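Working notes for the structure below.
The shown structure was predicted, so the numbers you read here are calculated from the model rather than taken from an experiment.
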Amino acid sequence: MSIISSGAEYPFYVAGKAQTSGQWLEVQDKYQQSVYARVALADGKVLEQAIAAALKAEAEMAALKPFQKQKILLHCVKRFNELRDELTEILIAEGGKPRMAASAEVERLINTFQLAADAVTQLDEGRMLPLAVTAAAARYRGMVKYVPIGAVSLISPFNFPLNLVAHKIAPAIAAGCPFVLKPASLTPISALKIAEVLAETDLPKGAWSILPCDRHAADILVTDDRFKMLSFTGSDQVGWDMKARAGRKKVTLELGGNAAVLIEADAVIDDALIDRLIGAAYAHAGQVCISVQRILIHADIYSAVKKKLLEKLKTIQAADPALSTTLVGPMIKADEAQRLKKWLDKAEKKGATVLTGGSFKGVLFEPTLLENVDAELEIYKDEAFGPVAILEQYANFEQGIAIINQSRFGLQAGVYTQDLNKMLYAWDHLHVGGVIINDVPTFRVDNMPYGGVKDSGLGREGIHSAIRDMQEERVLVIKQ
């Protein structure tokens, strides 16, 4: 049973203070398809207040010492630990996230803030520059320090409404940057619960705002040059359009993909591997940027792996996310399920074989496995963002790597092999941001550099990488 009663109302937070506007956004329970809560909607006037407050707070945020930032971040860690159950129930309701995945996301939220708290006392504050590299510069010494870039705008997606918000807010605090964040309209409550905790901290007055708002009002977060940086996570079409309109500010984009895993003939094909593939392809109804969408299997073991996958997959059904046994919960909305079904029907007409699944009811889309899919179809070349995976066989390792690289995306790829030379070949030749050996591309630890190439984005998340993106180098030169 949900800890939050149906019909609860949540304010937005502008300049660190809870407010309402008289305008409300209804947030649905994604499985029950009924109104779960309402959140206050910010308008253009409120966004202007938030930006002005963030700019005014730049100097005070930049002046925070590492121990002060660490105290703020550790308070968040403590409070999120205390709120575990409530946060889990919110994720299940507003995001349709299965209970096991929801619990795991709350744990990652806590870890992400802990990593940021650690980073503020571990990252070096600067370095010496060897300026005396010519006779003319013999009497000069140089140093570099890292300073906050200034106010940043942050836009987060629906699929990880706690942890992907954390990956924007926690580095901003650690870097010393005021921020204005727009959470996804489908899942805004999680971000507002984070806001409740931030309001308990000693963050400078006006240094932060978390504002659910419509896209029209939020456009100022993209176009306004008073922001020094935009960090966006979401679809590639939206992200690249934002970059084109972002003006002079730095832009980082995490835009997803259609991740592939390659299984060599020397891989150990046991139950653990099969379970790992299924979890990576179908958990949270495949609504994960690095969800396994393409499974490439060496021709020598293709039939054996296919048989094992089907045997296990036929025991799994889309179900109520509140159940502890559910792996595949609802898709975020019925329109997305219908869109995926159209892609699937088109693939069937073009000769694809549906090995299992393929049906849906409302927001529940059964886990689906395909083969013989035309590489020019949307379900193959675009991001399915649903519980669909495609089997494909290849003849040799180099061919398999080449098939993966044909994608316009390049976020992460998984490679199962016992051959060290093949591991290194994959690292050298895969056009992706991360190569995961003997595991699925869905693997991520929150301190590792995370991001993609090609249409998958620009820049890297991960605590240390994100902090550095929110800082800039300032050089000091001394003539002796």
Side-chain angles (χ1 to χ4, degrees), residues 13-16 47 50-51 53-66 68-77 80 109 111-123 146-157 160-183 190-192 194-195 197-211 218 221-222 224 226-233 246 249-254 446-447 449-451 459-472:
Y13 284 75
V14 57
L47 279 155
I51 296 170
L55 295 172
K56 188 175 181 180
E58 283 183 338
E60 195 173 354
M61 276 293 285
L64 287 177
K65 302 301 182 185
Q68 293 173 305
K69 292 185 282 191
Q70 188 177 62
K71 180 182 176 183
I72 290 165
L73 291 161
L74 288 177
H75 174 81
C76 294
V77 170
F80 296 147
L109 163 73
N111 290 341
T112 298
F113 270 83
Q114 180 66 59
L115 288 165
D118 296 340
V120 294
T121 58
Q122 293 172 356
L123 282 174
Y146 300 98
V147 299
I149 199 170
V152 297
S153 60
L154 312 171
I155 302 176
S156 60
F160 285 86
L162 280 176
N163 195 44
L164 292 184
V165 168
H167 269 284
K168 299 189 183 300
I169 288 176
I173 295 170
C177 293
F179 64 87
V180 179
L181 178 134
K182 177 197 177 300
S190 295
L192 294 174
I194 292 176
V197 172
L198 292 178
E200 302 168 357
T201 71
D202 295 327
L203 277 167
K205 181 181 179 182
W208 62 277
S209 299
I210 296 181
L211 301 173
L221 300 179
V222 178
D224 198 311
R226 288 176 293 176
F227 288 112
K228 310 307 188 298
M229 176 180 169
L230 164 66
S231 175
F232 171 78
T233 302
K249 67 179 67 62
K250 178 187 286 189
V251 177
T252 60
L253 304 172
E254 197 282 276
D446 292 299
N447 67 333
Y450 172 76
R460 295 293 180 268
E461 289 189 344
I463 293 300
H464 288 198
S465 299
I467 291 171
R468 283 293 184 241
D469 269 342
M470 294 180 183
Q471 296 175 325
E472 57 193 5

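Judged purely by atom type and a 3.5 angstrom limit, T112 has no side-chain atom pairing as donor or acceptor with the backbone of H167. Judged by distance alone, the side chain of K249 and the main-chain N or O of V222 form a donor-acceptor pair under 3.5 Å. Panel note: side chain Q70, backbone A117; a donor-acceptor pair is recorded below 3.5 Å. A donor-acceptor contact shorter than 3.5 Å links the side chain of S153 to the backbone of L221. Between the side chain of E60 and the backbone N or O of A57, no donor-acceptor pair lies under 3.5 Å. Listed for the K69 side chain is no donor-acceptor partner under 3.5 Å among the backbone atoms of P66. Formation of a donor-acceptor pair under 3.5 Å by the E461 side chain with backbone atoms of E254 is not found in this model.
The CG atom of L64 sits 5.5 Å away from atom CD1 of I72, with the distance rounded to the nearest 0.5 Å. Expressed to the nearest 0.5 Å, how far OG of S231 lies from CD1 of I155 amounts to 9.0 Å. Rounding to the nearest 0.5 Å gives a distance of 8.0 Å between OG of S209 and CZ of F179. Atom CG of residue N111 and atom CD1 of residue I463 lie 10.5 Å apart, to the nearest 0.5 angstrom. Within the model, atoms NZ of K205 and CE of M61 stand 16.0 Å from one another, a figure rounded to the nearest 0.5 Å.
In this structure, the side chains of P183 and L181 come closer than 4.5 Å at one or more pairs of heavy atoms. At least one side-chain heavy atom of Q114 sits less than 4.5 Å from a side-chain heavy atom of L74. Looking at L198 and C76, their side chains come closer than 4.5 Å, going by heavy atoms from C-beta outward. Within the 4.5 Å cutoff, the side chain of K182 has no heavy atoms near those of the L211 side chain. Counting heavy atoms from C-beta outward, C177 and I149 have side chains that approach closer than 4.5 Å. Proximity of F232 to V251: side-chain heavy atoms (C-beta onward) are nowhere separated by under 4.5 Å. Considering only heavy atoms from C-beta on, T233 stays 4.5 Å or farther from S156 through its side chain. Two residues are said to be in side-chain contact when any heavy atoms from C-beta on lie closer than 4.5 Å; I194 and L109 meet this criterion.
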Worked verdict on I467 versus L123 for side-chain contact (heavy atoms from CB on, under 4.5 Å): CA-CA 9 Å; I467 291 171; L123 282 174; 3.8 Å; yes
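Ion pairing between K71 and D202 holds under the 4.0 Å rule for side-chain N and carboxylate O. A salt bridge does not link E472 to K228: none of the charged nitrogens lies less than 4.0 Å from a carboxylate oxygen.
Cation-pi geometry between R468 and Y146 is met: under 6.0 angstrom from the ring centre, within 45 degrees of the axis.
Shortest non-hydrogen contact noted between K250 and D469 is NZ-O, 2.8 Å. Taking each heavy atom of A195 and Y13 in turn, the nearest pair found is CB-CD1, 3.4 Å. In terms of heavy-atom proximity, A175 sits nearest to M470 at CB-CB, 3.7 Å. Closest approach of A151 to L55, counting heavy atoms only: CB-CD2, 4.2 Å. In terms of heavy atoms, A174 sits closest to A116 at CB-O, 4.2 Å.
Side-chain contact, H464 with N447: no donor N or O sits under 3.5 Å from an acceptor N or O.
F80 and F113 have perpendicular rings, their planes meeting at more than 60° on a 0 to 90° scale where under 30° would count as parallel.
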